[in-house]
Amino acid sequence: SLILTGQIPKALGISAPTGLNPLEVLSFVGENISSINPSAAALAIGTSVAMFALPKLHPKIPSALLAVGGATLATHAFGLDVQLIGTLPSGLEAFQFGIPMMPSLDSMPSLAATTFLIYGMTSAESLLSCAALEKMKKTSYKHNADQELIGQGMANMGAAFFMGMPVTSVIARSGLNVRLNAESRLPSLVQSAFVFSSVVFLSDKIAMIPMPALSGMLITTGLGMLNPAEFKHCYAVQKKDVVPFLATIGGMVSFGLAEGIG
């Protein structure tokens, strides 16, 4: 659902209206097929092809980094007309401490509804990511759902004090760790330091990355999570599992991510 709504139009260089469900997005893309930006589509496809092909040369090649880096170089070398990430906050000034304030009483109902929606979606995404990772690589370690959610809650409270946006576990960086056979928590610490350093020192370089390349990377990562054999196994073990599965898929495709989970 997230891939369909957010990434397919970006990968094709089409500006889709906000608030569309996946079916409406696909319909919009079909109606505006003549508006596709060839450069954007080429970058997205090239990024995806590189991410599929490079690991076959050597499993430890950082395919996502090279694919997006190559797309960025091509964009600026050939002067391609595509959307870039654009201006980002930079330096230590980007981390401004903010003192929390109580909102007005009349805004509490809508604020509470939004808060619980974000909480529910991010919690589900984190736990789904953990479950997906355990299927991608079999290890003796099993995630602790309580530990994951407590850690995520503490991270979000800490981020809020510095005007940060809510965060969640995602499959992209974790999936990269699995493909590179990471065995410890060190890659997570290295990634955290890299993200922090990037905001402080490299925001002007990150701003030059083309959005279609990022969309191609995310679509490729999402396709890598598809596992029909897992569904067949679940159906064979307990046929009732098909009911919540189809309800979730139907709700996500017809209405959106939150509605599907609901």
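Atoms considered below: every heavy atom in the structure, side chains included; atoms not considered: hydrogens, waters and symmetry mates.
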Is there a path of hydrophobic side-chain contacts, each under 4.5 Å between heavy atoms of I, L, V, M, F, W or Y residues, that connects [X] with [Y]?
X: L128; Y: M121; value: no
X: L65; Y: I61; value: no
X: V237; Y: V242; value: no
X: I249; Y: L23; value: yes
X: F52; Y: L57; value: no

Within-4.5 Å side-chain heavy-atom neighbours: [X] and [Y]:
X: D241; Y: F231; value: no
X: P210; Y: L80; value: no
X: I118; Y: T115; value: no
X: L84; Y: I209; value: no
X: S27; Y: E31; value: yes
X: F28; Y: P9; value: no
X: P103; Y: M108; value: yes
X: I85; Y: M211; value: yes

Shortest non-hydrogen contact from [X] to [Y]?
X: A71; Y: T47; result: CB-OG1, 3.8 Å
X: S169; Y: E125; result: O-CG, 3.6 Å
X: S198; Y: I206; result: CB-CD1, 3.4 Å
X: V68; Y: M217; result: CG2-SD, 4.1 Å
X: K10; Y: S215; result: CB-OG, 3.1 Å
X: A40; Y: V82; result: N-CG1, 3.6 Å

Between [Y] and [X], do the side chains contain a donor N or O and an acceptor N or O under 3.5 Å apart?
X: S126; Y: T168; answer: yes
X: S107; Y: S104; answer: yes
X: S48; Y: T220; answer: yes
X: H143; Y: E148; answer: no

Q: Validate the cation-pi geometry between K232 and Y235: distance from NZ or CZ to the six-membered ring centre under 6.0 Å, angle to the ring axis within 45°.
A: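 No, K232 and Y235 do not form such a contact.
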So, taking the atom named [atom1] in [X] and the one named [atom2] in [Y], what distance separates them when rounded to the nearest 0.5 Å?
X: Q83; Y: N37; atom1: CD; atom2: CG; value: 10.5 Å
X: I219; Y: M51; atom1: CD1; atom2: CE; value: 11.0 Å
X: I14; Y: S34; atom1: CD1; atom2: OG; value: 8.5 Å
X: L105; Y: L111; atom1: CG; atom2: CG; value: 11.5 Å
X: I150; Y: M154; atom1: CD1; atom2: CE; value: 8.5 Å
X: E134; Y: S129; atom1: CD; atom2: OG; value: 11.5 Å

Q: Hey, can you tell me if F97 and F162 have their rings parallel, tilted or perpendicular (30° and 60° cut-offs)?
A: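 Because their plane-to-plane angle is over 60°, the rings of F97 and F162 count as perpendicular.
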Q) Does any N or O in the side chain of N32 come within less than 3.5 Å of the main-chain N or O of S35, such that one atom is a donor and the other an acceptor? A)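 Not a single qualifying donor-acceptor pair exists.
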Q: Mark yes when over 12 heavy atoms from residues, nucleotides or ligands other than H76 sit less than 6.0 Å from its NE2; otherwise mark no.
A: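 Atom NE2 in H76 is crowded, with more than 12 foreign heavy atoms closer than 6.0 Å.
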Q) Is the number of heavy atoms from other residues, nucleotides or ligands within 6.0 Å of CG (D81) greater than 12? A)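 Count not over threshold, so no.
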